[in-house]
Amino acid sequence: DGGITQSPKYLFRKEGQNVTLSCEQNLNHDAMYWYRQDPGQGLRLIYYSQIVNDFQKGDIAEGYSVSREKKESFPLTVTSAQKNPTAFYLCASSGWFDGTQYFGPGTRLLVL
Amino acid sequence: RKEVEQDPGPFNVPEGATVAFNCTYSNSASQSFFWYRQDCRKEPKLLMSVYSSGNEDGRFTAQLNRASQYISLLIRDSKLSDSATYLCVVIGNTGNQFYFGTGTSLTVIP
């Protein structure tokens, strides 16, 4: 089945630790996105990429980093510089002229 | 000013009721508009696109008013399964940024 997968479903981070969230899609989409959602809040854009080897900062990029070495993959690293990382992280992709986004099931990140 | 503003609700309505949500956007050059549905602790999923001419899908009707810069979603004959958060989404004039509203919570009561 075509779709977007994210792993892990739950992730625990210790203080000072970097963690990486995985996002893979087999929809042949060029554009991929990372969002953060806090309880009772909307989605806030962290990073997006429209093409391999290129990505742009979103509204809340500080404390996060990404890479886009393959079209199918867009991993997000939450660095120790992100002081309040507890949130629901959603990855999405969209095709050219598609106009809609398809989301993965999300990763819940918790700080120990 | 936020790109997209939504009334967060919550809306609590009885089964069979008609309920409407509105969403305003700030950029008059915005290109495309959508409604997404998000169930509790799940990812958002596309509900329907919104066109100036209106868009109807069964009990759901979406409308776009470019002059007043708002989009609306009307749900008729509400079902228990309609309980969810409804997000309005606007694509900016660059075509590559999606702006999400904070969502409107709907609970349909038996």
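What you see is a predicted model, and the numbers here were worked out from it, not measured in a lab. Residue numbers begin at 1 in each chain, while the letters A, B, ... track the order of the sequences.
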[atom1]/[X]: more than 12 non-hydrogen atoms of other groups inside 6.0 Å:
X	atom1	answer
B:Lys42	NZ	no
A:Leu110	CG	yes
A:Gln17	CD	yes

Point to revise | Contact leader toward chain A among B:Ser49, B:Gly103, B:Pro44, B:Ser105, where contacts are heavy-atom pairs under 4.5 Å | key: B:Pro44
Review point. Is it true that the side chains of B:Gln38 and A:Gln37 contain a donor and an acceptor less than 3.5 Å apart?
Key: yes
Any chain of hydrophobic side-chain contacts (each under 4.5 Å) joining [X] to [Y]?
X	Y	value
B:Val89	B:Val50	no
A:Phe74	A:Leu27	no
B:Leu46	B:Ile71	no

Look up atom [atom1] in [X] and atom [atom2] in [Y], then write down how far apart they are to the nearest 0.5 Å.
X	Y	atom1	atom2	answer
A:Thr100	B:Leu47	OG1	CG	12.5 Å
B:Glu43	A:Phe88	CD	CZ	7.0 Å
B:Phe100	A:Leu45	CZ	CG	9.0 Å

Study note, to complete from the structure: Honestly, the part of B:Tyr36 sitting under 4.5 Å from a heavy atom of chain A is side chain
Exercise for review: Give, as side chain, backbone, both or neither, the part of A:Arg108 having an atom under 4.5 angstrom from any heavy atom of chain B.
Suggested key: side chain
Practice item. Taking the six-membered ring for Trp and the single ring otherwise, decide whether the centroids of A:Tyr35 and B:Phe98 are under 6.0 Å apart. Key: no
